[in-house]
Amino acid sequence: MIPEFANKVLIWFDQHGRKDLPWQQHPTPYRVWVSEIMLQQTQVATVIPYYGRFMQRFPDVLTLADAPQDDVLKLWEGLGYYSRARNLHKTAQRVRDEYACVFPTDRADMETLSGIGRSTAAAILSLSHGQAHAILDGNVKRVLARYHAVAGWSGEPRTLKQLWEHAEHHLPTQRNADYTQAMMDMGATLCTRSKPLCLLCPLQDGCKAFQQGKPQDYPGKRPKKDLPEKTALALLLRNNDGELLLQHRPPTGIWGGLWSFPEFADETAMADWLAQHFAQTCIVAARLPTLTHTFSHYRLHLQPLQVDLDAHPARIMEGNGWLWYKADTHFTGGLSAAVRQFFQNIE
DNA sequence: AAGTCGGGGCG
DNA sequence: CGCCCAGACTT
């Protein structure tokens, strides 16, 4: 049975929906899963080249599970939210070890995997197996919030609950994969955040926000709070081969698992560290322009200080989370956008 | 300059 | 449960 809402969505999909996205070709759970994780944080146009490189390097879940984490982060470089790449890797290993490389087909089992919550599990099972589950990503939230004039912000539990109820209510028992894709497409191409194309929308008739004449008022906005400002020093330590020291960051926190310049709260901390590791006084060769990086919850001002070593450094720093970065050689670890930008500037 | 995004993790 | 965390991109 296909409810009227879903019927309209499906008719629109047949004419206007996207059917040629890379992950729509051979939509196996693995291929859909990787695309969904990438799409959680990034728009389709940006994801496509990343997805192609990722599938080329990791064509199946076993290849991904067996790869070094550095390789995974390298292909994620620039996408942000690096915990998702780490979760992707971890989940691949669980699917290899606990499910013999075959993704579970039960939604509850799927949701125990790292990085897969209710909506992502539903999307994978819907798009790859046609199972009838509702999704609720940002696009679908917008469509439903407008159609039903749900005013609150989806970060509020009761608003989220209402949206899930609407999503479940409209679910068709047939053509679920097309319906899921259609809802995402409508949110992305028609029911956009600003300037929605209501005149082209198949749901215009029943849409409460349209009737009110103010689709832009939905969904409700996250209450804003001002960002704390933080500052730190980034040490650009150069040895006499012209190589720069990179530090493997801890697995959690900002830029987790990526490689970046050693960071210090102040020059005293930096000087102490240099004295301890290189028996060298801290002679700052250059103070480079401050880099400002904005995260969702604070703004970071990084002051790069260049220090040149006069003696050849001991090689004890190699391995164990440290390396000397050679500008002209291939480096397999992941770099944050800030570090990459920095390297681009000096090259 | 401000808004966006789904899920993890903690108390 | 309620709250905070994470980053590069679009508008």
Side-chain angles (χ1 to χ4, degrees), chain A residues 32-50 73 75-91 94 107 110-124 133-145 152-161 163-164 167 180 183-184 187-189 191-196 216-230 249-258 260 291-302 334-342 344:
Chain A
V32 172
W33 168 56
V34 172
S35 76
E36 285 299 320
I37 303 298
M38 288 184 172
L39 289 164
Q40 280 174 9
Q41 64 206 47
T42 313
Q43 298 208 335
V44 166
T46 311
V47 160
I48 285 176
Y50 278 90
L73 286 171
L75 287 196
W76 208 264
E77 186 179 286
L79 271 180
Y81 283 115
Y82 299 95
S83 66
R84 293 171 196 221
R86 296 194 305 273
N87 282 334
L88 203 72
H89 194 214
K90 182 175 166 190
T91 286
R94 276 197 61 198
R107 204 185 78 190
M110 188 79 88
E111 284 178 35
T112 70
L113 300 172
S114 298
I116 301 181
R118 178 175 175 183
S119 186
T120 303
I124 296 168
H133 299 294
I135 67 160
L136 194 60
D137 71 356
N139 289 316
V140 178
K141 280 177 186 169
R142 201 163 47 247
V143 172
L144 294 175
W153 169 55
S154 69
E156 297 155 4
R158 58 175 287 277
T159 302
L160 189 65
K161 186 164 175 284
L163 292 172
W164 271 116
T180 294
M183 289 294 282
M184 296 192 294
T189 65
C191 198
T192 51
R193 181 158 63 93
S194 50
K195 301 181 196 165
Q216 319 84 329
D217 287 6
Y218 304 90
K221 297 186 185 96
R222 163 200 283 267
K224 57 177 137 188
K225 46 184 181 182
D226 34 294
L227 297 181
E229 310 269 338
K230 299 190 183 185
R249 300 184 65 97
T252 56
I254 290 267
W255 297 323
L258 272 60
S260 62
L291 299 174
T292 298
H293 212 83
T294 306
F295 300 97
S296 50
H297 54 307
Y298 65 89
R299 195 185 313 275
L300 178 64
H301 303 280
L302 267 182
L335 302 172
S336 70
V339 173
R340 277 201 308 170
Q341 183 195 332
F342 180 83
Q344 282 196 338

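Chain identifiers are assigned alphabetically (A, B, ...) following the order of the sequence lines, protein sequences preceding nucleic acid strands; residue numbering begins at 1 within each chain. Just so it is clear, the values below take in all heavy atoms, side chains as well, and ignore hydrogens, waters and symmetry mates.
The closest donor-acceptor contact from the side chain of A:Glu36 to the backbone of A:Ala123 lies at 3.5 Å or more, if one exists at all. In this structure a side-chain-to-backbone donor-acceptor pair under 3.5 Å is present from A:Thr91 to A:Ser114.
Here the OG1-CE distance, from A:Thr46 to A:Met38, works out to 11.5 Å after rounding to the nearest 0.5 Å.
At the phosphate of C:dC5, neither OP1 nor OP2 sits under 4.0 Å from any side-chain N or O atom of A:Tyr81. A:Thr252 has no side-chain polar atom (N or O) that falls below the 4.0 Å cut-off from OP1 or OP2 of B:dG9.
Residues A:Tyr81 and A:Ile37 form no side-chain contact, since every pair of their non-hydrogen atoms from C-beta on lies 4.5 Å or further apart. Looking only at side-chain heavy atoms (C-beta outward), A:Ser119 and A:Trp164 come within less than 4.5 Å of each other. Using a 4.5 Å heavy-atom cutoff, the side chains of A:Arg118 and A:His133 are not in contact.
Here the nucleotide nearest the side chain of A:Arg142, chosen from B:dC5, B:dG7, C:dG7, is B:dC5. Across B:dG7, C:dA8, C:dG7, the shortest atom-to-atom separation from the side chain of A:Thr120 is found for B:dG7.
At whole-Å resolution of the value, CH2 in A:Trp153 and P in C:dG2 are 12 Å apart. A:Arg249 places its CZ atom 16 Å from the P atom of C:dC5, with the value rounded to the nearest Å. In this entry the distance linking NE2 of A:His89 with C1' of B:dG8 reads 19 Å, nearest Å. When rounded to the nearest whole Å, the span between NZ of A:Lys230 and P of C:dG7 equals 13 Å. B:dG9 atom P lies 13 Å from atom CG of A:Leu113, rounded to whole Å. The NZ atom of A:Lys221 sits 7 Å away from the P atom of B:dT4 (whole-angstrom rounding). Atoms CG (A:Leu227) and C1' (C:dC4) sit 14 Å apart, rounded to a whole Å. Following rounding to the nearest Å, A:Gln216 (CD) and B:dT4 (P) show an atom-to-atom distance of 13 Å.
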What are the atom names and distances for every N/O pair under 3.5 Å that joins the protein to nucleotides 9-11 of chain C?
residue	atom	partner	partner atom	Å
C:dT11	O3'	A:Ser194	OG	3.4

Just do the ring-ring contact (aromatic ring centres under 6.0 Å, His included) check on A:Trp255 and A:His293 with the steps written out, would you? CA-CA 12 Å; A:Trp255 297 323; A:His293 212 83; 5.4 Å; yes
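Nucleic acid contact for A:Lys195: none, since no nucleic acid atom lies under 4.0 Å from a heavy atom of the residue. Residue contacts for A:Arg299: at a heavy-atom cut-off of 4.0 Å it reaches no nucleic acid atom on any strand shown. When heavy atoms are screened at a 4.0 angstrom cut-off, A:Leu39 is found touching no nucleic acid atom at all. Among the protein residues, A:Ile37 comes within range of no part of the nucleic acid, since none of its heavy atoms lies under 4.0 Å from any strand.
Heavy-atom nearest nucleotides on DNA chain B were determined for A:Lys90 and for A:Asp137, and the one closer to the 5' end corresponds to A:Asp137.
Spacing between C:dG7 and B:dC10 at atom P, rounded to whole Å, works out to 16 Å.
Annotation: side chain to side chain donor-acceptor pair (under 3.5 Å) contacts of A:Thr294 (sequence neighbours excluded): A:Arg299.
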